[in-house]
Chemist: 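One structure coming up, written as structure tokens, with questions to follow.
Here is how names work: the chains are called A, B, and so on, in the same order as the sequence lines, proteins then strands, and each is numbered from 1. Note that the structure is a prediction, hence the values are computed from the model and not measured.
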Number of protein chains: 2
Amino acid sequence: MTTTQEPLIQIGKLAKQLGITTRTIRYYEEIGLMGPSKRSSGGARSYDRDEVLRIKFILKLKELGISLKEMQILADTFDSYNQRFDTITPQVLEILDLHIGKVNDKLTNLSSLRDDIVNYRRRIAALLEEQPSA
Amino acid sequence: MTTTQEPLIQIGKLAKQLGITTRTIRYYEEIGLMGPSKRSSGGARSYDRDEVLRIKFILKLKELGISLKEMQILADTFDSYNQRFDTITPQVLEILDLHIGKVNDKLTNLSSLRDDIVNYRRRIAALLEEQPSA
DNA sequence: CGGCAAGTTTACGTAAAGGGGAAGCCCATG
DNA sequence: CATGGGCTTCCCCTTTACGTAAACTTGCCG
Ligand SMILES: [Zn+2]
Ligand SMILES: [Zn+2]
Ligand SMILES: [Zn+2]
Ligand SMILES: [Zn+2]
């Protein structure tokens, strides 16, 4: 919440700018990830800089495989702890570390599977060359 | 398809053994990932060793983030190329490499985000210690 | 004033990967 | 013979992250 008169952006522009749809933005508000946005007299949503940053942050986390539900939990603890910086960040770090671990494991397993397949293939190829029967 | 008389396992046992439900196994058959299984006179499904291996392979790929749809594509090319080993493995490798790349990227991004947050936190902490006002 | 773009709400649809239950066979067992 | 498992097929339910259509305002332009 920045109180000074700053440039507001409308939902359509913002969506286009971020490469998402307006539906997505409204959806994030709908599930409480965004908090009710300011409205124009006519009822149109508008966003200021820190709200834009928040959406960008959400998108970044999403891209990294963190689910909206997990973000909700984060947002909730964030709100309940009343924006205390040093209580909230460890939570984020915890979730991040958890995901980093998962992704790391996945990478290891994928790579070893790849190796298995490559070796398997090599073995078969050798066999086929040795005795070109059948 | 192994023709020799070998031990067959029933769906319930198999599911329990693999830590999944019978529904899952039937589902894999339903979407064509498994090909129709042998049936007993009474109509009960039974599986031989290579079918079990196939399911295990599916589960392994799934665990690594490959979708059932992607596996279907693999299975399709596999079938259409009539089990020619050297035509099918490159396909698997291709998909695997693609996923390895994705996962690798994700890992990098997650780690750098983590670093950002840690640094951000450090900076704020320093600020709070310098001037304990407000 | 007519019209169009862009906004709004409400509400139903979708894809993925199964979960779970009903209704009905088959078969071993007390 | 009855009963209890375990199996079968249907078929609807669930979650996640939106898509999409309907019907309605607002704002602005000629
Ligand atoms: Zn603000
Ligand atoms: Zn997670
Ligand atoms: Zn076989
Ligand atoms: Zn994929």
Side-chain angles (χ1 to χ4, degrees), chain A residues 8-48 51-52 54-76 95 99 102 106, chain B residues 8-48 51-52 54-76 95 99 102 106:
Chain A
L8 298 181
I9 187 171
Q10 243 176 303
I11 193 166
K13 295 275 182 193
L14 177 55
K16 194 154 296 177
Q17 193 184 103
L18 298 178
I20 59 182
T21 70
T22 62
R23 175 67 169 107
T24 299
I25 299 181
R26 292 199 196 96
Y27 180 66
Y28 291 167
E29 179 182 331
E30 188 182 327
I31 64 175
L33 263 185
M34 281 302 298
S37 62
K38 302 157 196 55
R39 301 302 186 100
S40 75
S41 54
R45 290 170 177 79
S46 57
Y47 301 90
D48 66 8
E51 283 167 311
V52 172
R54 180 159 185 155
I55 299 188
K56 282 188 181 175
F57 188 61
I58 291 175
L59 293 178
K60 189 161 190 178
L61 291 180
K62 202 196 69 169
E63 199 186 311
L64 299 180
I66 287 147
S67 73
L68 299 185
K69 181 160 291 178
E70 281 172 316
M71 296 187 213
Q72 280 190 39
I73 296 172
L74 272 176
D76 288 355
I95 290 199
H99 273 263
K102 275 197 221 166
K106 192 173 287 184
Chain B
L8 299 180
I9 188 172
Q10 245 177 303
I11 195 168
K13 295 275 182 192
L14 178 56
K16 195 154 295 175
Q17 193 183 104
L18 298 177
I20 59 182
T21 71
T22 64
R23 176 68 170 103
T24 299
I25 299 180
R26 292 200 196 93
Y27 181 64
Y28 290 167
E29 180 183 330
E30 187 183 326
I31 64 174
L33 263 186
M34 281 301 299
S37 63
K38 302 156 196 57
R39 301 300 185 100
S40 76
S41 53
R45 289 172 176 80
S46 57
Y47 302 90
D48 66 7
E51 283 168 311
V52 171
R54 181 160 183 155
I55 299 187
K56 282 187 182 175
F57 190 58
I58 292 175
L59 293 177
K60 189 161 188 176
L61 290 180
K62 203 197 69 171
E63 200 186 310
L64 298 180
I66 285 146
S67 73
L68 300 186
K69 180 161 291 178
E70 280 171 318
M71 297 186 213
Q72 282 189 39
I73 296 171
L74 272 176
D76 288 354
I95 291 200
H99 273 264
K102 275 197 221 165
K106 192 174 285 185

Chemist: Rounded to the nearest Å, what distance is computed from the CE atom of residue A/M71 to the P atom of nucleotide D/dA17?
Modeler: 8 Å
Chemist: Starting from P on D/dG6, measure out to CG on B/L14 and report it in whole angstrom.
Modeler: 15 Å
Chemist: Identify the heavy atoms of A/T22 and A/A15 that sit nearest to each other, and give their distance.
Modeler: N-CB, 3.8 Å
Chemist: Taking any heavy-atom pair under 4.0 Å as a contact, classify B/S67: base, sugar-phosphate, or nothing.
Modeler: sugar-phosphate
Chemist: Name the residue closer to the 5' end of DNA chain D, choosing between A/S40 and B/G12 according to the nucleotide with the nearest heavy atom.
Modeler: B/G12
Chemist: Could you state the atom-to-atom distance from CG of A/L59 to P of D/dA17 in whole Å?
Modeler: 13 Å
Chemist: Assign each of B/I11 and A/G42 to its nearest nucleotide of DNA chain D by heavy atoms, then name whichever residue's nucleotide is nearer the 5' end.
Modeler: B/I11
Chemist: C/dG18 phosphate, OP1 or OP2: any side-chain N/O from B/K62 under 4.0 angstrom?
Modeler: yes
Chemist: Using a strict threshold of under 4.0 Å (side-chain N to carboxylate O), is an ion pair present between A/K56 and A/E63?
Modeler: no
Chemist: Within this structure, what is the CG-to-P distance between A/L8 and C/dG7, rounded to whole angstrom?
Modeler: 14 Å
Chemist: Which heavy atom of A/S46 sits nearest to which heavy atom of A/S37, and what is that distance?
Modeler: O-CB, 4.0 Å
Chemist: Closest to the B/R23 side chain: C/dG18, D/dT15, D/dC18?
Modeler: C/dG18
Chemist: Does B/R26 make a side-chain donor-acceptor contact with the base of D/dT9, cut-off 3.5 Å?
Modeler: no
Chemist: Measure CG/A/L61 against P/D/dT16 and give the value in whole Å, please.
Modeler: 17 Å
Chemist: Given the structure, check if the side chain of A/R45 and the base of C/dG7 hold any donor-acceptor pair shorter than 3.5 Å.
Modeler: no
Chemist: So what does B/T21 hit on the nucleic acid, given a heavy-atom distance under 4.0 Å: a base, only sugar-phosphate, or nothing?
Modeler: sugar-phosphate
Chemist: Are B/R54 and B/F57 side-chain neighbours, meaning at least one heavy-atom pair lies under 4.5 Å?
Modeler: no
Chemist: Measure from the side chain of A/L68, starting at C-beta and using heavy atoms only, and say which of D/dT16, D/dA17, C/dG18 lies closest.
Modeler: D/dA17
Chemist: Does a nitrogen or oxygen in the side chain of B/T24 sit under 4.0 Å from OP1 or OP2 of C/dG19?
Modeler: yes
Chemist: When rounded to the nearest 0.5 angstrom, what is the spacing between CD1 in B/I95 and CG in B/L61?
Modeler: 9.0 Å
Chemist: Measure from CD on B/Q10 to C1' on D/dG5 and round the result to the nearest Å.
Modeler: 11 Å
Chemist: Measure the distance from CD1 on B/I31 to P on C/dA16 and round it to the nearest whole Å.
Modeler: 9 Å
Chemist: Closest nucleotide of DNA chain C for A/E30 versus for B/I66: which of these residues is on the 5' side?
Modeler: A/E30
Chemist: Has B/Y28 got a side-chain N or O lying under 4.0 Å from the OP1 or OP2 atom of C/dG18?
Modeler: yes
Chemist: Indicate the atoms forming the closest heavy-atom contact of B/I58 with B/M71, along with that distance.
Modeler: O-CE, 3.5 Å
Chemist: Between C/dT9, D/dA17, C/dG19, which nucleotide gets closest to the side-chain atoms of A/R39?
Modeler: C/dT9
Chemist: Once you round it to whole Å, what is the distance between P of C/dG20 and CD1 of B/I20?
Modeler: 14 Å
